[in-house]
Amino acid sequence: MSHIVVIGAGQAGSSLVAKLRSEGFEGEITLIGEEASPPYQRPPLSKKYLTGEMELERLFLRPTAYYADNNIELLLSSAAKSIDALAKTVTVGDREIPYDQLALTTGSVPRRLPDAIGGGLKGVHVVRGLADVDAMAPGVATGKRVLIVGGGYIGLEAASVCAKMGMTVTLVEMAERILQRVACPETSAYFRDLHRAHGVDIREGVGLDRLVGEDHVTGAVLSDGTELALDMVIVGVGIAPATALAEKAGLVVENGIRTDAQGRTSDTSIWAAGDCASLIYKGNRIRLESVQNAIDQAECVASNMLGAGKDYAPHPWFWSDQYDVKLQIAGLNTGYDRVLVRPGEGQTVSHWYYAGDTLLAVDAMNDPRAYMVGKRLLEAGKSPAAEVVADPETELKALLRP
């Protein structure tokens with residue numbers, strides 16, 4: 001009987017094995033995860049879970065019993081040591097697990113500060129897994145002083161939670177502006193103003209020189225010479241695809257584990273999906289770091305492992321919750337040359353990215369209508385005239401009419 005092994009028990013891995021069973025695969029399935037907990041949601045970790053509003057069990061993507069009930073062997077606290085692509089085996093501890101097909105859903109790892117500048121001190125945290133958030137939770141308390149390093153979405157979400165918990169929050173971003181890599185200046189300005197209104201001290205164009213402390217972090221020296229007294233540091237300087245296992249197995253790695261249009265790696269018996277995988281999107285090889293992509297790509301790979309032979313066509317969308325603002329993003333803004341600002345009702349607003357006459361993406365702040373219309377336009381390959389979108393008299397739904 002055929003045996004499918006999946007390495008990586010996160011959102012992508014869980015989605016992949018569930019899809020295999022729902023599509024009628026009756027062979028053996030083994031899902032291997034390094035963490036002690038069954039597959040869980042990551043987005044609530046640094047928000048409702050950290051603040052105590054969500055219990056651990058509510059994080060789980062599926063009840064623990066689901067895996068046994070569906071004859072899925074779930075190996076937790078188990079790190080895959082190596083893959084023998086010729087023998088088609090995976091080594092986990094003292095056990096060699098044979099496979100007919102293998103899927104890598106190993107996700108990503110957070111970038112950390114070097115030990116040379118204090119990255120190894122106690123009280124210095126990243127936000128990625130359950131253990132990371134459990135470790136920082138005791139220090140998130142009213143009156144404590146925290147430095148957030150990095151002004152991307154992870155850093156800003158962390159700043160939001162810390163500010164709401166009554167902490168003194170300083171955020172440094174070495175680029176000229178927060179969100180510089182992922183958003184237009186208009187979106188950066190919106191969130192800069194939002195955070196400052198909640199008391200966050202945002203410092204752009206300022207980096208971290210070093211952290212100070214004997215055993216536990218007690219302060220920081222910034223690149224402009226400023227010295228800060230601190231109780232905690234949260235590092236949000238990006239993630240890297242978890243490719244070490246794939247590289248060791250001889251798979252081609254190119255901005256992640258290289259996959260073809262159907263999710264196959266350079267080895268025809270091995271597939272990849274989620275944060276660890278790179279794919280072709282509109283002629284460019286990219287990685288999509290999102291829950292939506294982890295689910296959709298993993299489900300497509302599962303179908304292809306069973307012979308569907310269908311190409312994965314992503315429709316990127318993302319979200320970020322900060323204070324009482326929900327940012328929803330449709331599309332990818334790479335290559336934009338202008339941005340249209342469209343005010344919505346009340347304090348809502350959306351930013352529409354264009355490259356020439358082509359709509360690329362939409363950022364919607366508390367404006368779900370603009371987000372949904374933008375998303376549907378992008379999925380249909382439609383680009384309404386920019387001046388029509390910019391006109392506040394335009395009814396957005398009218399843009400969807402043939």
Side-chain angles (χ1 to χ4, degrees), residues 11 43 152-154 156-157 177-191 238-239 255-256 259 261 273-275 277-300 311-322 325-344 348-391 394-402:
Q11 183 78 67
Y153 289 121
I154 292 295
L156 292 174
E157 289 176 1
R177 58 182 174 87
I178 58 172
L179 300 176
Q180 182 165 306
R181 186 178 65 87
V182 294
C184 62
E186 292 85 349
T187 298
S188 295
Y190 179 97
F191 284 99
I239 58 177
N255 184 28
T259 64
D275 283 5
S278 68
L279 64 144
I280 296 296
Y281 177 77
K282 295 185 177 180
N284 298 309
R285 180 159 293 278
I286 65 168
R287 285 187 309 108
L288 287 172
E289 301 166 358
S290 73
V291 170
Q292 162 263 332
N293 178 68
I295 296 170
D296 293 349
Q297 190 179 20
E299 290 186 346
C300 183
D311 290 353
Y312 175 53
H315 297 289
W317 57 270
F318 315 84
W319 81 91
S320 176
D321 293 315
Q322 298 172 46
V325 173
K326 177 174 281 293
L327 165 65
Q328 294 172 289
I329 304 168
L332 294 179
N333 64 28
T334 306
Y336 75 92
D337 53 31
R338 58 177 166 160
V339 176
L340 302 177
V341 178
R342 181 185 170 90
T348 67
V349 66
S350 56
H351 299 155
W352 298 66
Y353 296 80
Y354 276 80
D357 295 328
T358 302
L359 177 65
L360 298 179
V362 178
D363 293 346
M365 280 65 75
N366 280 350
D367 196 340
R369 181 179 303 172
Y371 164 72
M372 285 307 300
V373 170
K375 185 172 183 289
R376 289 174 64 185
L377 287 169
L378 289 163
E379 290 174 353
K382 294 182 178 180
S383 295
E387 59 272 15
V388 175
V389 172
D391 184 353
T394 299
E395 171 58 43
L396 282 175
K397 285 188 178 180
L399 301 175
L400 297 171
R401 294 173 189 152

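When reading the values below, keep in mind they use all heavy atoms of this one structure, side chains included, and skip hydrogens, waters and symmetry mates. Keep in mind that what you see is a predicted model, and the values were worked out from it rather than measured.
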[X] atom [atom1], over 12 foreign heavy atoms within 6.0 Å:
| X | atom1 | answer |
| --- | --- | --- |
| D337 | CG | yes |
| K382 | NZ | yes |
| R369 | CZ | no |

Do [X] and [Y] get their side chains close enough for a donor-acceptor pair, meaning under 3.5 Å?
| X | Y | answer |
| --- | --- | --- |
| N293 | Y312 | yes |
| S278 | N255 | no |
| Q292 | D296 | yes |

[Y] side chain reached by [X] side chain, heavy atoms, under 4.5 Å:
| X | Y | result |
| --- | --- | --- |
| W319 | V291 | yes |
| R342 | T394 | yes |
| Q297 | P314 | no |
| R287 | E289 | yes |
| Y371 | W317 | yes |
| F191 | S320 | no |
| Y281 | L288 | no |
| I286 | L332 | yes |

So, taking the atom named [atom1] in [X] and the one named [atom2] in [Y], what distance separates them when rounded to the nearest 0.5 Å?
| X | Y | atom1 | atom2 | answer |
| --- | --- | --- | --- | --- |
| D363 | I329 | CG | CD1 | 5.0 Å |
| N284 | L279 | CG | CG | 10.5 Å |
| I295 | C300 | CD1 | SG | 14.0 Å |
| R376 | K397 | CZ | NZ | 8.5 Å |

Between the main-chain N or O of G356 and the side-chain N or O of R338, is there a donor-acceptor pair closer than 3.5 Å?
yes

So L359 and L378, side chain to side chain contact (heavy atoms under 4.5 Å, CB included) or not? Walk me through it.
CA-CA 7 Å; L359 177 65; L378 289 163; 4.0 Å; yes

Taking all heavy atoms of [X] and all of [Y], pick out the closest pair and write down the distance.
| X | Y | answer |
| --- | --- | --- |
| D357 | S383 | O-CB, 3.3 Å |
| S188 | L179 | OG-CB, 3.7 Å |
| V362 | Y353 | N-CD1, 4.3 Å |
| C184 | Y336 | CA-OH, 3.4 Å |
| M365 | T187 | CE-OG1, 4.5 Å |
| D367 | S350 | OD2-OG, 4.2 Å |

Please determine whether side chain to side chain contact (heavy atoms under 4.5 Å, CB included) holds for the pair Y354 and L360, giving the CA-CA distance in whole Å, both sets of side-chain angles, and the decisive distance to 0.1 Å.
CA-CA 5 Å; Y354 276 80; L360 298 179; over 6 Å; no

Please determine whether side chain to side chain contact (heavy atoms under 4.5 Å, CB included) holds for the pair Y153 and L327, giving the CA-CA distance in whole Å, both sets of side-chain angles, and the decisive distance to 0.1 Å.
CA-CA 10 Å; Y153 289 121; L327 165 65; 3.4 Å; yes

Test side chain to side chain contact (heavy atoms under 4.5 Å, CB included) applied to W352 and L377, V341, N333, the passing residue
L377

